[in-house]
Amino acid sequence: MADVTPAPAVKTVPKPRDQHLRDMADCIRFLSMDAVQRANSGHPGAPLGMADIATVLFKDFLQFDAADPHWFDRDRFVLSNGHASMLLYSLLYLTGVKDMTLDELKRFRQIDSKTAGHPEYKHADGIETTTGPLGQGVANAVGFALAERILNAKFGDDLCNHWTYVFMGDGCLMEGVSQEAISMAGHYKLGRLIAFWDNNAISIDGATSLSVSDDEVERFRASGWHVQEIDGHDTDAIHAAIAAARAVTDKPSMIACKTIIGFGFPTKAGTQKAHSDAPGEAEIAGARKILGWDSPPFVIPEPLLRAWREVGAKGRAARTAWADRVKAAPAELRAEFERRNDGALPADWKKAIAAARAEFIASGKDMATRSASGAVLDHLAAAIPELLGGSADLTPSNNTKAKGMIEIRPGEYDGTYMHYGVREHGMAAAMNGVALHGGLIPYGGTFLCFSDYCRPAIRLAALMRVRTIFVMTHDSIGLGEDGPTHQPVEQLAALRAIPHLAVYRPGDPVETAECWELILDAPRQAALLALSRQTMPLLRRESGDENKSARGAYVLLEAEGGERKLTILSAGSELHLAVEARDLLQKEGVPTAVVSMPCRLLFERQDAAYKKAVLGTSRARVAVEAAVEMGWDRYIGLEGRFIGMHGFGASGKFADVYKKFDINAEAVVRAARETLAEAAAI
Ligand SMILES: Cc1ncc(C[n+]2csc(CCOP(=O)(O)OP(=O)(O)O)c2C)c(N)n1
């Protein structure tokens, strides 16, 4: 690790403009450092450095009601530098959010506390999003601000009219995703977004000058932001800057706040030693002296607590005024607004699924599942107006823009389709912000291979259990000529490994409709659809609306002519190969079943009896999928065989690529013979 010259001991801190505000900020500072000290782990530096900014923001601007921290028209506050979690936890306690007790602060970073190492959505009221992976919070905030404008355009100022504030550190700005987010916000003129940069010039290794020399101010300006530079400890300047930022409504605003990391620490302030870890009793004692703080740990002087509680209560009037406006809104508008806020889908939305299904069956046409998805979306978009579609510059390939969807443009938010640009990570994280905001259901597309670029945000969607929908097309070597750089082979396994993420890989148009139905029916489930570029046969031709995909896997074709001897498992574009192989094997007199497994996560939730019934008792099994084996081994066992990919793909016509890698019905039959022989030998 690079060394920095130790900073001289700071025996004093700049004199405050307003002692009362300094005292309020010191409440945050001491709760933060005392909690970190008690936990013997955590990050005191940024909470100490940003306490003055937070105090002014919460006291004078943030529309927030601690008694109802999730009322719809509240301002959103995102702590992108999530390692500074004690800043947020302190604020929630001080403002009086019921969930956040002193005991919780004392249990900082302990098992099952509401005060985890980094803010986690749903762990405590008042946490808007899970942050910690640096930079993503900035993109989440862009999603919040975008959702606000879209809903404002639809429902008007009376019902939706709020701000999004985001704190971000040097680390957030070093991350690539910050540029995607900044660029997107600037382009779309998200004037209701205000970002505060904790410009303390320190990160973990030392001074940020070790690794970065960007002119952040110019970077934001170049991306279309309104920018101000202030002393982040001068409460008058903070107040004035926020007021000025709010006056600019056609650009997002960045306030570069020069701060001292670990403000108040006698020896660690201004150095990387303040960033993390317990500061030590001596350092804290020094801070108490410097800041003139006499209270013991976790004790907030009564007048200061009262002042903070008033901050927590000040939004009450705004909340009740908003509730009155909602009541007074025209009946139809109000009903639609309340339905969306409750997260309920329109009563008859499933008719859209049924209609798409009926169309597929009536036409009997072979279809790529990406096209089937597009057709389903044409119906869904008409039925579910809160769907917010989008793509990272692959709209015509992803088939994500449904009929009638109007594009959102800079300053024109009365639409339902986003061109996210070639910004996959930013798109995915912004979609999480949209989902968390409420009132909209975001889905966005790219190629499955580039799910790698979205993965950090997909992971957080799964962790937060929000219904962000990732539409990933070109899901195998079947995309053909673009070659191995674009052909996903390991992505399905990697995505299926993400806990709680529902990865759907439908095997035909009807399954595609079923998967969409399951995705929309699960409001607390992040979902990813893997869809083919190439045409596939319609395999499910039965009428009725039973959703066979609902249990994750099912017997598509049962064995005939005797007890099942062999099970062929598949998903997605290889399902028809399983069916063809079964035909050949049945002709040879081998009673063979085909199991379609569009969603492993849902299958794993089934009871043992169902799983056994689907997988069969015979140990002769073959799985076929044009991807790596990882994960299938669980179902095929030691005697099973796998037909699929064992390395990267190749460029060529899709049929030739399948041929090259020997993924076809004949290969499945050969594998079947092997597994039948091996299973019989047991
Ligand atoms: C994506 C990601 N990479 C690395 C980390 C580990 N990490 C946490 S804080 C930090 C340094 C952040 O520096 P800065 O934003 O300046 O925070 P400060 O030192 O001001 O608290 C790093 C590298 C992380 N949380 N997320």
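Counting starts at 1 for both ligands and their atoms, following the listed order. On a predicted model such as this, the values are computed, not experimentally measured, just so you know.
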Between Lys114 and Asp125, is a side chain to side chain contact (heavy atoms under 4.5 Å, CB included) present by the stated rule, with each step listed? CA-CA 9 Å; Lys114 294 179 192 249; Asp125 281 343; over 6 Å; no

For the pair Thr259 and Asp198, evaluate side-chain hydrogen bond (donor to acceptor under 3.5 Å, both in side chains) and give the outcome as yes or no after the intermediate values. CA-CA 6 Å; Thr259 61; Asp198 183 26; 2.5 Å; yes

Proximal atoms of ligand 1 relative to [X] (non-hydrogen, under 4.0 Å):
{"X": "Ala46", "value": "21 (O)"}
{"X": "Gly171", "value": "13 (O), 14 (P), 15 (O), 16 (O)"}
{"X": "Gly169", "value": "15 (O)"}
{"X": "His83", "value": "9 (S), 17 (O), 18 (P), 21 (O)"}

Do Gly132 and ligand 1 have an N or O pair less than 3.5 Å apart?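 Yes, there is a polar N/O contact under 3.5 Å.
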
Check the pair Thr267 / Glu283 against side-chain hydrogen bond (donor to acceptor under 3.5 Å, both in side chains), numbers first and verdict last. CA-CA 7 Å; Thr267 69; Glu283 193 74 10; 2.6 Å; yes

When you measure from [atom] to each heavy atom in [options], which option holds the nearest one?
{"atom": "atom 10 (C) of ligand 1", "options": "Ile204, Ile261, Asp198", "value": "Ile204"}
{"atom": "atom 26 (N) of ligand 1", "options": "Leu134, Asp170, Thr208", "value": "Leu134"}
{"atom": "atom 9 (S) of ligand 1", "options": "His275, His43, Met168", "value": "His275"}

Stepwise side chain to side chain contact (heavy atoms under 4.5 Å, CB included) check, Phe30 with Leu291: CA-CA 10 Å; Phe30 283 95; Leu291 294 170; 3.7 Å; yes

With Leu495, the side-chain contact (heavy atoms from CB on, under 4.5 Å) member among Pro488, Ser451, Cys454: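 Option passing the side-chain contact (heavy atoms from CB on, under 4.5 Å) with Leu495: Ser451.
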
Once you measure the plane-to-plane angle for Phe108 and Tyr89, does it fall in the parallel (<30°), tilted (30-60°) or perpendicular (>60°) bin?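 The rings of Phe108 and Tyr89 stand perpendicular, inter-plane angle above 60°.
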
Can you name the one residue among Phe167, Phe64, Tyr165 that meets ring-ring contact (aromatic ring centres under 6.0 Å, His included) with Phe77?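 Answer to the ring-ring contact (aromatic ring centres under 6.0 Å, His included) test with Phe77 among Phe167, Phe64, Tyr165: Phe167.
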
Among the heavy atoms of Ile202, does any lie under 4.0 Å from an atom of ligand 1?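 Distance cut 4.0 Å: Ile202 passes for ligand 1.
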
When you measure from the heavy atoms of Pro133 to every atom of ligand 1, does any distance fall below 4.0 Å?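 Pro133: in contact with ligand 1 (<4.0 Å).
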
Do me a favour and list the nearest non-hydrogen protein atom to atom 13 (O) of ligand 1 with residue, atom name and distance?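 Looking only at protein heavy atoms, the one closest to atom 13 (O) of ligand 1 is Ser203 CB, 3.2 Å.
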
Atom 20 (O) of ligand 1: which protein heavy atom is closest, and how many Å away?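 Answer for atom 20 (O) of ligand 1: Asn200 ND2, 2.7 Å.
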
Establish, from distance only, whether the side-chain atoms of Asp170 and Ser203 form a donor-acceptor pair under 3.5 Å.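 Per modelled atom types, Asp170 and Ser203 side chains form no pair under 3.5 Å.
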
Can His500 and Arg465 be counted as having a side-chain donor-acceptor contact under 3.5 angstrom?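 Yes, Arg465 and His500 have a side-chain donor paired with an acceptor closer than 3.5 Å.
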
With a 4.0 Å cut-off, strictly under, does atom 6 (C) of ligand 1 pick up any protein heavy atom?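 For atom 6 (C) of ligand 1 the answer is no, since every protein heavy atom stays at 4.0 Å or beyond.
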
Ligand 1-proximal atoms of Glu175, by part, heavy-atom distance under 4.0 Å: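 It is the side chain that gets close, since no backbone atom is under 4.0 Å.
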
